[in-house]
J.: 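The structure that follows is given in the form of structure tokens.
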Amino acid sequence: MDLISATLLLLSVSFAATRNVLIKGFSAFSFKSREFFGIQSSIFGAGSIALLMVNAYKFSGISGFTFLLALIYGAMLLCAQWFYTIALSKGKTAICATIYAFGFLIPTLSGTVFWQEKISVLGYLGILMVIPVLIISGFNKKTEGVKNGSKSYLLPLIVAMICSGGLGVIQKIQQKSDFASQTNSFILIAFAFCFLTSFLFFIFKKKGETKIKPKNLIFCSVIGIFFATCNLLNTYLAGRLNSSILFPVLNIGSILFSLILGLIIYKEKLTKRDYIVLSLSIASIILVNF
């Protein structure tokens with residue numbers, strides 16, 4: 001891995017972890033309320049503005065292929081964001097970030113199928129370790145830090161994980177196409193689609209009990225800019241690095257950073273079971289990278 005790729009990867013990990021943790025601050029907004037979608041549209045709106053500035057600096061055109069692929073990417077991005085936010089409102093930051101990160105398996109395996117990228121025997125062992133992690137995460141009568149001991153965070157988290165993994169595949173397709181130079185426009189269209197969809201839900205949904213405050217919009221702006229930057233960097237890196245290197249490193253980094261930030265900001269306490277989940281997860285991602 002060259003120095004430029006390593007630096008961009010470190011930036012992406014830092015921004016992704018910060019975004020993962022800050023989103024938990026919106027856990028009070030119910031998915032059934034218009035305020036939830038107001039927050040989401042603010043995040044994607046801020047990201048769209050940042051990406052528009054990037055495109056103003058370097059615009060490489062928009063092909064029909066780029067536009068259609070961006071809409072697919074945007075739909076996956078929207079689901080990943082919405083369902084991950086829902087999961088964070090019910091579960092611990094460290095555990096949610098860990099399971100969400102397992103989406104890396106989808107682009108990693110697709111790399112072997114479509115782009116002849118190799119995975120070692122240890123790598124396959126790491127993939128199999130995902131199964132006990134998911135079982136342990138969902139098997140417990142009562143979990144400290146999860147509302148009413150509920151596992152209701154697990155289903156939306158798995159949906160978010162699958163959509164997140166799909167993003168990696170689309171990023172690879174975009175970078176391997178003849179329109180790889182249109183990365184900036186590709187991400188901008190996806191974010192604009194997410195903004196418009198979230199905004200439409202915001203308009204037609206009923207008001208909830210929790211109101212959006214000015215400080216919420218400030219956090220939305222920060223998250224949106226970080227989120228947009230991560231998507232831009234990850235798509236660019238998907239064209240420079242093998243999937244078996246990029247996605248495991250990206251996700252193990254975001255797990256560790258999210259864990260540290262979650263402990264510092266939200267004072268979350270981890271149980272022995274949580275440590276087992278984290279340890280197995282990190283071991284799994286390390287093995288996949290060999």
Side-chain angles (χ1 to χ4, degrees), residues 9 12-13 15-17 19-20 23 69-88 91 95-119 123-135 137-138 153-177 186-187 190-191 193-194 227 230-239 241-256 258 277 280-289:
L9 189 54
S12 183
V13 166
F15 289 163
R19 167 250 177 186
N20 287 346
I23 283 178
L69 195 65
L71 293 181
I72 297 173
Y73 186 87
M76 289 185 178
L77 186 65
L78 197 65
C79 289
Q81 171 70 5
W82 284 3
F83 285 102
Y84 184 61
T85 305
I86 294 170
L88 278 174
I95 297 302
C96 288
T98 299
I99 298 178
Y100 181 76
F102 273 136
F104 85 91
L105 292 175
I106 297 174
T108 299
L109 291 173
S110 71
T112 66
V113 176
F114 300 109
W115 296 286
Q116 290 74 52
E117 297 175 357
K118 296 181 179 180
I119 298 179
Y124 284 110
L125 177 61
I127 291 172
L128 289 176
M129 286 177 66
V130 172
I131 298 174
V133 170
L134 293 177
I135 292 175
S137 297
Y153 73 95
L154 198 56
L155 181 58
L157 188 55
I158 291 176
V159 173
M161 175 193 73
I162 294 172
C163 291
S164 173
L167 293 177
V169 177
I170 301 300
Q171 288 169 345
K172 199 76 175 182
I173 292 174
Q174 196 277 331
Q175 285 295 294
K176 293 295 183 179
S177 72
F186 168 71
I187 301 298
F191 263 71
F193 170 82
C194 293
F227 199 20
C230 284
N231 278 270
L232 199 59
L233 290 176
N234 293 347
T235 304
Y236 174 71
L237 288 169
L241 301 174
N242 283 348
S243 299
S244 58
I245 295 177
L246 170 62
F247 298 106
V249 172
L250 182 65
N251 286 287
I252 191 173
S254 65
I255 286 174
L256 293 175
S258 297
V277 171
L280 288 174
S281 302
I282 293 171
S284 169
I285 297 176
I286 290 175
L287 287 173
V288 172
N289 202 31

J.: Under the ring-ring contact (aromatic ring centres under 6.0 Å, His included) test, which residues partner Phe83, sequence neighbours left out?
T.: none
J.: Could you report the tightest heavy-atom contact between Ala160 and Tyr84, atom names first, then the distance?
T.: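 Result for this residue pair: CB-N, 3.6 Å.
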J.: Measuring from atom SG of Cys163 to atom CD1 of Ile158, what distance do you get when rounded to the nearest 0.5 angstrom?
T.: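 Those atoms lie 12.0 Å apart.
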J.: Once rounded to the nearest 0.5 Å, what's the spacing between atom CD1 of Ile162 and atom CG of Leu167?
T.: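 Between Ile162 CD1 and Leu167 CG, I get 12.0 Å after rounding to 0.5 Å.
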J.: Kindly write out the residues that satisfy side chain to side chain donor-acceptor pair (under 3.5 Å) with Ser12, not counting sequence neighbours, or none if the list is empty.
T.: Asn234
J.: Which value, rounded to the nearest 0.5 Å, describes the distance between Ile106 atom CD1 and Ser164 atom OG?
T.: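 Going from the CD1 atom of Ile106 to the OG atom of Ser164 covers 8.0 Å.
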J.: Quick one: side chain to side chain contact (heavy atoms under 4.5 Å, CB included) partners of Leu232, sequence neighbours excluded?
T.: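 Leu232 satisfies side chain to side chain contact (heavy atoms under 4.5 Å, CB included) with Leu51, Val54, Thr183, Asn184, Ile187 once adjacent residues are dropped.
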J.: Holding to side chain to side chain donor-acceptor pair (under 3.5 Å), I want the full list of residues that pass it with Tyr73, two or more places apart in sequence or in another chain.
T.: Gln171, Asn231
J.: With sequence neighbours excluded, tell me which residues meet side chain to side chain donor-acceptor pair (under 3.5 Å) with Gln81.
T.: Arg19, Gln40
J.: Indicate the atoms forming the closest heavy-atom contact of Leu88 with Cys96, along with that distance.
T.: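 Result for this residue pair: CD2-CB, 3.7 Å.
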J.: Please round to the nearest 0.5 Å and tell me the distance separating atom CG of Leu77 and atom CZ of Phe227.
T.: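 It comes to 4.5 Å.
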J.: The criterion is side chain to side chain contact (heavy atoms under 4.5 Å, CB included); which residues satisfy it with Leu69, sequence neighbours excluded?
T.: Phe65, Ile170, Ile173, Gln174, Phe186
